[in-house]
Protein chains: 2
Amino acid sequence: MSARILVVDDILPNVKLLEAKLMSEYYSVLTASNGFEAIEVAQAEDPDLILLDVMMPRMDGFEACKRLKADPKTAHIPVVMVTALDQPTDRVRGLEVGADDFLTKPANDLALFARVRSLVRVKMMIDELRLRDETCRELGFDGGYSDITDDMLTGRMLLVDDRVNAANAIAETVKKRLNIECEIVHNRDDALECIQSVTCDLVLINSGLESYDGLRLCSEVRSSPEARGAAIMLMVDHGDFKTISASLDLGANDYVMRPIDENELVARLRSQMRRLCYADRLRDNVHNSLKLAVTDPLTGLYNRRYAMPHLQAQIDKSETDGHDLAVALLDIDSFKAVNDTYGHAVGDEVLKEFAERIRQNLRGMDLSARIGGEEFLGVMPETDLQGAAVVAERLRATIAAKPFKITHAEKEFLDITVSIGLSCLSPGTNTPDALMQAADEALYRSKREGRNRVTLAPISSAA
Amino acid sequence: MSARILVVDDILPNVKLLEAKLMSEYYSVLTASNGFEAIEVAQAEDPDLILLDVMMPRMDGFEACKRLKADPKTAHIPVVMVTALDQPTDRVRGLEVGADDFLTKPANDLALFARVRSLVRVKMMIDELRLRDETCRELGFDGGYSDITDDMLTGRMLLVDDRVNAANAIAETVKKRLNIECEIVHNRDDALECIQSVTCDLVLINSGLESYDGLRLCSEVRSSPEARGAAIMLMVDHGDFKTISASLDLGANDYVMRPIDENELVARLRSQMRRLCYADRLRDNVHNSLKLAVTDPLTGLYNRRYAMPHLQAQIDKSETDGHDLAVALLDIDSFKAVNDTYGHAVGDEVLKEFAERIRQNLRGMDLSARIGGEEFLGVMPETDLQGAAVVAERLRATIAAKPFKITHAEKEFLDITVSIGLSCLSPGTNTPDALMQAADEALYRSKREGRNRVTLAPISSAA
């Protein structure tokens with residue numbers, strides 16, 4: 001996949017060398033010769049990847065990376081530090097300021113290009129998610145990416161390693177230093193069984209398993225639908241760039257070389273968790289925004305817009321499966337008097353408490369919605385009229401039995417009652433409109449006959 | 001990137017050969033020996049790609065592909081036909097039933113693996129989009145993927161070719177047989193300029209340009225932000241699998257071999273357009289669903305949930321830029337009487353028409369929202385109290401001057417008036433609540449002094 005890559009180095013021949021290598025693989029290259037320029041170009045050009053020298057005058061690579069990651073405009077761009085330093089402490093420092101990887105100068109081509117391909121692939125996905133997030137923000141939802149702190153990074157890790165002592169030591173470290181549960185398995189079959197039975201956020205694989213090809217396992221984990229969202233990391237021998245390159249191309253997200261430096265492992269796991277957390281947040285923003293669209297803000301119940309198509313879907317399902325379906329229409333008695341006497345704030349209190357009591361008296365599979373000012377709807381699948389009558393009567397009694405607590409100078413509790421009308425699916429009554437109308441007529445009879453009661457619609461003779 | 005690939009062939013040695021090749025590249029392989037089985041496995045296992053033999057007993061590959069593409073559960077899975085046939089007419093037939101490519105047996109490895117990588121990459125993106133779409137459906141929005149018909153496939157194509165006659169012939173074909181505008185350029189610079197100035201849906205590049213490396217141009221187009229959503233296709237010499245493989249790895253979406261068969265070109269362009277259209281729809285579903293969340297269903301204006309954070313954002317912006325900001329609160333006079341006398345249906349008609357007149361009298365940069373039953377809000381950036389008074393007075397006059405058309409047995413038109421209160425940003429009045437309260441008090445004075453008038457909030461002395 002082609003991409004636009006920003007190369008940052010204060011020494012011109014280094015820039016030229018890297019530029020030539022990247023150009024030969026058909027990448028488009030932007031350049032900058034110091035940290036300040038890097039930040040400027042990144043903001044203006046939105047590159048797909050930044051290769052960042054560490055040792056530069058005025059602002060070093062660590063500082064530049066930190067600033068890039070702190071700016072919402074550039075935080076999503078992957079950064080690879082390219083440096084003459086090669087100590088775990090430097091790598092840890094880079095990872096801690098948000099770098100995605102470290103390459104030692106002169107960069108090994110195999111490792112360089114595999115890493116570039118891998119990061120560009122991840123960025124494509126994040127870009128698609130960010131596009132959604134922009135829509136959310138444009139429409140007034142809070143899509144802002146506030147800082148993800150370390151204590152949010154919780155999850156479960158699967159460690160696949162047949163070296164029992166080494167595995168235990170790693171698990172110990174992970175449990176102690178990260179808020180991550182760790183499960184150890186020793187072979188391929190147990191690994192696949194584990195990811196199929198529980199959700200794993202991280203999978204750390206020893207590439208040198210005695211009994212199975214670590215790369216193949218990496219590929220099998222990556223392509224299993226259950227682990228689609230997981231981060232995969234390989235442990236490889238020092239300098240084994242062939243395995244590193246192959247694993248990244250197969251979709252591994254990162255690697256750590258043996259001998260394993262504990263701090264580096266922790267830093268790498270932490271940055272993978274941070275990336276997962278970011279993607280989850282972008283997804284959640286859309287989901288939560290969509291959820292708002294179908295919810296009544298005051299009571300948290302579904303709104304009319306959601307309830308009507310849902311009722312139609314339940315009718316279709318009940319007819320296909322040959323099941324019953326009952327509908328309850330609920331109207332708070334004399335609600336206008338509550339508003340007029342005690343004000344809208346008290347009216348809202350009553351509506352909220354009323355909704356809460358509905359919620360507690362319906363099953364999880366039932367739908368409850370606020371479909372008008374003081375009018376509510378219950379849809380009960382696999383329930384006939386008699387069954388619905390039992391539920392409705394219990395609900396009516398619950399409302400009437402316990403006065404509603406209100407916040408008002410003159411009164412602490414209000415007596416509230418509800419009138420309910422019930423209808424059920426039958427040959428002549430098999431559309432949302434027909435069911436609603438039958439329930440509405442029954443509700444009207446409840447009102448006319450003195451309120452605080454449940455009335456059943458007559459079952460049509462065709463049934 | 002690893003992936004799960006379904007290999008379908010009725011001849012076992014063929015299955016085994018392809019399976020071995022794919023396994024050696026670390027792909028996971030599923031198999032089926034006929035069309036029926038292929039459909040079953042595809043439905044149950046949701047593979048990332050299907051390699052489908054054409055000549056099979058009972059149900060051939062064309063029919064199997066057609067059925068896979070007609071089923072919403074499998075329509076998104078890319079299909080490559082693998083066949084001994086190699087005539088343009090067969091390719092066209094395959095493309096027309098929805099196949100993404102054709103490979104001739106025995107498959108050239110270079111072409112096979114590049115195609116597999118390319119299709120798996122595209123599928124990853126579509127999967128992410130489908131995930132969003134499922135959220136929409138789960139929440140009751142219509143996210144269904146109804147069939148995309150050919151007449152929806154409209155757009156613009158850029159043809160980069162220095163062979164003038166051949167280019168003209170292709171453009172002619174595209175214009176005649178597809179609903180696609182075609183622009184021809186002869187070199188790299190013109191091509192890049194074109195994609196930066198207008199949106200292109202398709203970019204067709206001659207890989208053998210005299211003046212520039214076609215692969216590099218392909219890469220430059222792919223990585224330019226303006227062409228992110230475009231489909232890129234290369235024209236290559238017959239059998240030039242090296243260029244085909246390289247271009248697919250760089251992110252080209254398809255290719256066509258010379259001598260160009262007109263029908264094949266049209267079929268390939270059409271399937272690229274169909275894919276773009278599908279992705280657009282998935283994106284639009286989310287956008288439209290989000291839009292519903294912030295819109296008042298009756299009038300189409302923004303709702304209160306959207307208006308309040310928007311007002312806060314406008315206050316922040318105005319304070320930063322040192323600009324004015326005015327707020328108008330509008331309340332339809334004696335609206336309750338309309339509802340009580342003529343019913344809710346007529347009330348709704350009045351609300352709709354009222355919203356329409358607001359819309360016509362505010363600028364595009366102003367926000368208008370329905371924030372209560374008959375209460376509306378206007379937010380006017382870069383407008384002071386006097387400017388807002390001019391707008392509000394014009395709006396008041398527009399409402400009063402022309403009676404509202406209604407649907408009612410006894411009356412055809414209703415006289416409607418509006419009371420308006422205005423406030424503006426000032427040091428003591430710089431929160432949404434304070435602005436709303438000041439406007440509300442002014443509105444109350446409009447009501448008390450006889451309705452059908454505009455009242456300005458007093459400017460606080462601190463200003």
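The shown structure was predicted, so the numbers you read here are calculated from the model rather than taken from an experiment. Computed over heavy atoms, backbone and side chain alike; hydrogens, waters and symmetry mates excluded. Naming convention: chains lettered A, B, ... in sequence-line order (proteins, then strands); numbering from 1 in each chain.
Counting non-hydrogen atoms of neighbouring residues, nucleotides and ligands closer than 6.0 angstrom, the CD atom of A/Glu193 reaches no more than 12 such neighbours. Dense packing is recorded around CD of A/Glu226, with more than 12 heavy atoms of other residues, nucleotides or ligands lying under 6.0 Å away. Other residues, nucleotides and ligands place more than 12 heavy atoms under 6.0 Å from the CZ atom of A/Phe335.
Under the rule for a side-chain contact (heavy atoms from CB on, under 4.5 Å), the partners of A/Asp316 that lie at least two apart in sequence or sit in another chain are A/Gln312. Annotation: side-chain contact (heavy atoms from CB on, under 4.5 Å) contacts of B/Asp331 (sequence neighbours excluded): B/Glu374, B/Glu375, B/Leu443, B/Lys447.
Taking CZ from A/Arg222 and CE from B/Met1, the interatomic distance works out to 5.0 Å, rounded to the nearest 0.5 Å. Atom CG of A/Asp127 sits about 7.5 Å away from atom CE of B/Met125, to the nearest 0.5 Å.
Pairing each heavy atom of A/Arg4 with each of B/Ser223, the nearest pair is CD-O, 2.6 Å.
Salt bridge A/Arg228/B/Asp48: present, at least one basic N to carboxylate O contact under 4.0 Å.
The main-chain N or O of A/Leu250 is found under 3.5 Å from a side-chain atom of B/Ser2 such that the two form a donor-acceptor pair. Judged purely by atom type and a 3.5 angstrom limit, A/Arg216 uses its side chain to pair as donor or acceptor with the backbone of B/Met23.
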message: Evaluate A/Arg121 against B/Met124 for side-chain contact (heavy atoms from CB on, under 4.5 Å), listing each step before the verdict.
response: CA-CA 10 Å; A/Arg121 201 165 52 219; B/Met124 274 172 53; 4.1 Å; yes
task: In sequence, state the C-alpha distance, the side-chain angles, and the governing distance for A/Tyr26 and B/Asp213, and then conclude on side chain to side chain donor-acceptor pair (under 3.5 Å).
output: CA-CA 10 Å; A/Tyr26 291 102; B/Asp213 179 347; 2.9 Å; yes
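For B/Ser118, no part lies under 4.5 angstrom from a heavy atom of chain A.
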